[in-house]
Amino acid sequence: MTIVRSTCVFAAALAVASLAGVGLSARPAAPAQEPPRTLAVPHGDALPVDSQGFLRRWLVLEPIPVPGALTEDAVHEVLAANDVWAHASAPPADGQTAMAAGQSYAWHAVDTLAYNLNLFHFAHALGKPTSNVLFWATTIVNAPRAMTDVRLAIGSNAASAWWLNGRHVIALYNDRQAVIDDGVSPRVTLRAGANVIRAAIVNAGGATDFCARFLDAQDEPITTLTASLAPAEGVSR
Amino acid sequence: MRFPRRAAGALLAPAVAVSLLALPVSALDGDPGLHDPSTVIEAGGKFYVYATGRGLPVSMSDDGWTWRRAGSVMDAVPGGRPGPEVVARGGDATWAPDIVHVGDKYFLYYAAPGRQPKAAIGLLVGRTLDPASPDYHWTDAGPVVWSDGIEDSNAIDPGVFHDPTDGSLWLTYGSYFGYIRLVELDPSTGLRRYPDRAPVDIAINSEASDLTFHDGWYYLFVTHGSCCAGANSSYNIRMGRARRVTGPYLDNMGVDMLQGGGKLFAGSRGRSVGPGHFGRLVLGDDVEKFSCHYEADLDRGGRSVLDIRPLLWRDGWPVAGDNVTAGTYEIESARTGTALEMAVQGVPVGGPRGRGAAGRGGRGRGAGAPAGRGRGFGPGGPGRGFGGPGARGRGATPPAPIPAQQASDVDAAWPAGPAGVRLAPYMLQAQQKWTIAPVAGAGGYPGSPYFRIGLAGTERVLAATADGELTVAPAFTSAPEQLWRIDQLTDGTYRLMPKAVPGTSAPMALSAIGSSTPTLETFRAGSDRGRWLLRTP
């Protein structure tokens with residue numbers, strides 16, 4: 001029910017081209033278009049993963065223009081040249097900005113209504129480019145207890161790289177569609193409480209999105225997690 | 001009408017040199033020479049098989065791959081020969097045994113022919129198969145069935161069957177003269193349960209019968225053709241199936257095996273002539289094998305040898321699978337359809353081309369594509385095309401073939417040390433081709449030796465890591481984590497397991513846990529994640 005209301009608010013906000021009140025700011029004037037239906041404004045402290053374990057609450061940075069090359073080497077170059085975390089003094093929050101290659105980009109809090117987060121919808125709603133871009137995304141995964149031998153399972157369009165609690169755990173390269181559980185990390189441990197995911201998604205052209213969930217030791221989705229935006233006390237990002 | 005002359009000890013082969021491993025793996029290692037084998041049976045972590053010959057020769061193996069002679073059954077029988085009642089009903093030869101484990105007893109049935117078709121099938125009862133055990137001995141339990149030399153039966157070639165549906169025990173027997181017959185046995189004694197009832201005739205014109213059960217059907221295997229003539233033997237294994245153990249057993253065309261029907265299960269092929277004497281070995285987790293002997297193994301001078309091969313099930317019928325042979329393969333996940341590759345940036349076969357080559361992995365509108373074609377705007381983005389560097393107008397020279405990509409063409413950028421392993425769409429690229437080769441002297445498992453899985457054209461090999469993941473090691477060391485067991489499963493796909501994973505004794509199998517991600521984990525028979533296809537690249 002909360003999600004439905006959020007959708008209505010989000011859509012209404014888009015209809016009047018005013019996103020400041022719902023978290024997506026700085027949308028320029030643009031011809032009326034069908035608003036995206038897959039994203040909503042977060043409400044509440046934390047959002048449970050869906051029945052298939054997909055994380056649905058994220059902070060996403062506005063797209064950073066990049067060459068759009070998707071090979072492993074090219075992605076590494078893009079990430080090194082646009083490392084918004086290197087000089088960040090505090091964890092990001094909705095509305096804050098980050099610097100990349102001398103330019104400022106804003107973080108936006110979004111909930112996805114689907115299993116995946118549609119970055120094309122995200123950027124398009126902001127009037128930002130969707131092709132040849134880098135998206136940074138982050139979320140806090142709250143685990144009710146420590147969980148060993150779990151895996152972060154992701155899919156992305158297109159290339160992506162993922163970190164869990166500061167450790168690089170999985171990457172996908174080359175032109176690709178977002179397939180559920182396309183890339184799966186080695187066995188990792190989710191600590192009780194807050195765990196931080198950072199992701200970078202590089203798109204060349206066309207649609208762009210990602211999905212992420214955790215699988216347990218039997219490769220079954222973990223459905224007891226929540227995702228939140230505010231860092232828990234003592235958690236370093 | 002004829003009676004087979006069975007090979008005895010003289011046919012048993014000496015140890016076979018392991019240099020044979022350089023050839024495609026076709027039969028077993030060590031001393032697999034025998035004739036008319038029983039079903040291979042596993043006990044106490046070892047494998048045993050019994051055969052025709054003086055005193056019933058015993059062969060055993062620690063792993064199912066390397067076999068050795070272990071004396072004769074009659075060495076452990078008081079008197080060292082068939083009991084007097086068996087000899088009286090048949091003769092004192094000892095042929096073609098079969099064995100079953102029921103409760104705490106092993107029942108070993110053997111043929112004791114006299115002047116055929118006068119023959120008998122005797123029973124020996126034991127408590128252990130291990131010749132080194134102090135409890136190892138066989139007790140003569142007398143004759144079970146016999147043929148008097150006139151009736152339509154030649155009571156040799158026993159095949160014992162323990163029905164998994166109700167625990168009943170059955171014996172088939174016979175050879176060419178008259179019928180293949182079936183009698184029910186008493187599971188507590190191994191002797192006939194209803195000795196006054198007439199046997200049931202279930203097939204003709206065959207021998208070496210054996211029964212098994214699968215998915216609601218009883219299957220009768222028999223051997224057709226002639227034996228004991230080396231490469232001139234026409235032995236071949238045929239089968240029919242029935243809903244009841246007593247038949248009727250019909251082949252795939254509905255012909256009753258009592259009228260000569262029989263669907264071919266295994267015939268001569270490759271370097272092996274005349275398979276016969278089927279036996280089923282169920283190892284669990286969708287791994288099944290069958291044992292047989294070949295009348296002539298051309299790689300072993302035409303001797304008769306044991307073999308163990310995968311047993312598959314397809315459309316309700318057993319299918320004789322083949323052990324993996326050396327070669328270069330694409331290793332494709334049955335779950336995801338993606339191929340195992342060393343995690344390096346691939347190079348398109350023939351080299352990058354087209355407008356998108358620099359950043360899109362070679363995709364893009366080809367130089368020869370007509371203007372206006374190949375454009376689009378979808379998930380893959382614009383700039384796709386149909387042309388390539390060789391696409392030209394009419395009348396031009398036909399485009400030259402693009403040679404296959406070799407590792408040496410593209411390995412300049414590959415890491416010198418260990419590299420990761422992942423799954424990706426198969427693109428005919430060098431990092432996706434694996435050379436599978438048997439490893440001499442490293443042991444094996446039923447039917448096969450351990451294999452090395454190397455990146456084709458390199459010294460790099462696939463290996464397990466201490467954290468249960470995969471790596472491509474820069475060189476082969478023959479360490480257990482670099483040796484692979486490759487079993488063909490009952491659906492024809494393959495299971496790949498390292499001989500050992502460092503730090504654990506748990507068996508683990510190569511598994512696709514994502515479209516792009518392989519790992520090692522416990523094999524799950526009900527899932528495609530641990531099933532792989534070996535395709536010609």
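Naming: A, B, ... by sequence-line order, numbering from 1 per chain.
There is no contact between A:A178 and chain B, counting heavy-atom distances below 4.5 Å. Heavy atoms of B:L520 lying under 4.5 Å from chain A belong exclusively to its backbone. With a 4.5 angstrom heavy-atom cutoff, A:I170 touches chain B only via side-chain atoms.
For B:M427, the CE atom sits in a loose shell: 12 or fewer heavy atoms of surrounding residues, nucleotides or ligands are nearer than 6.0 Å.
Remark: B:W532 pairs with no residue by the ring-ring contact (aromatic ring centres under 6.0 Å, His included) rule, at least two apart or across chains.
Annotation: maximal heavy-atom pairing with chain A below 4.5 Å, among B:G420, B:P518, B:S515, occurs at B:S515. Comparing A:R187, A:E72, A:Q218 by heavy-atom pairs within less than 4.5 Å of chain B, the highest count is held by A:R187.
With 3.5 Å as the limit, one finds a donor-acceptor pair spanning the side chains of A:W162 and A:S160. With hydrogens and angles left out, the side-chain atoms of B:D491 and B:T493 include a donor and acceptor closer than 3.5 Å.
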Q: Evaluate salt bridge (charged side-chain N to carboxylate O under 4.0 Å, His left out) for A:R57 paired with A:D111, printing each intermediate quantity in order.
A: CA-CA 4 Å; A:R57 176 160 294 177; A:D111 284 354; 2.7 Å; yes
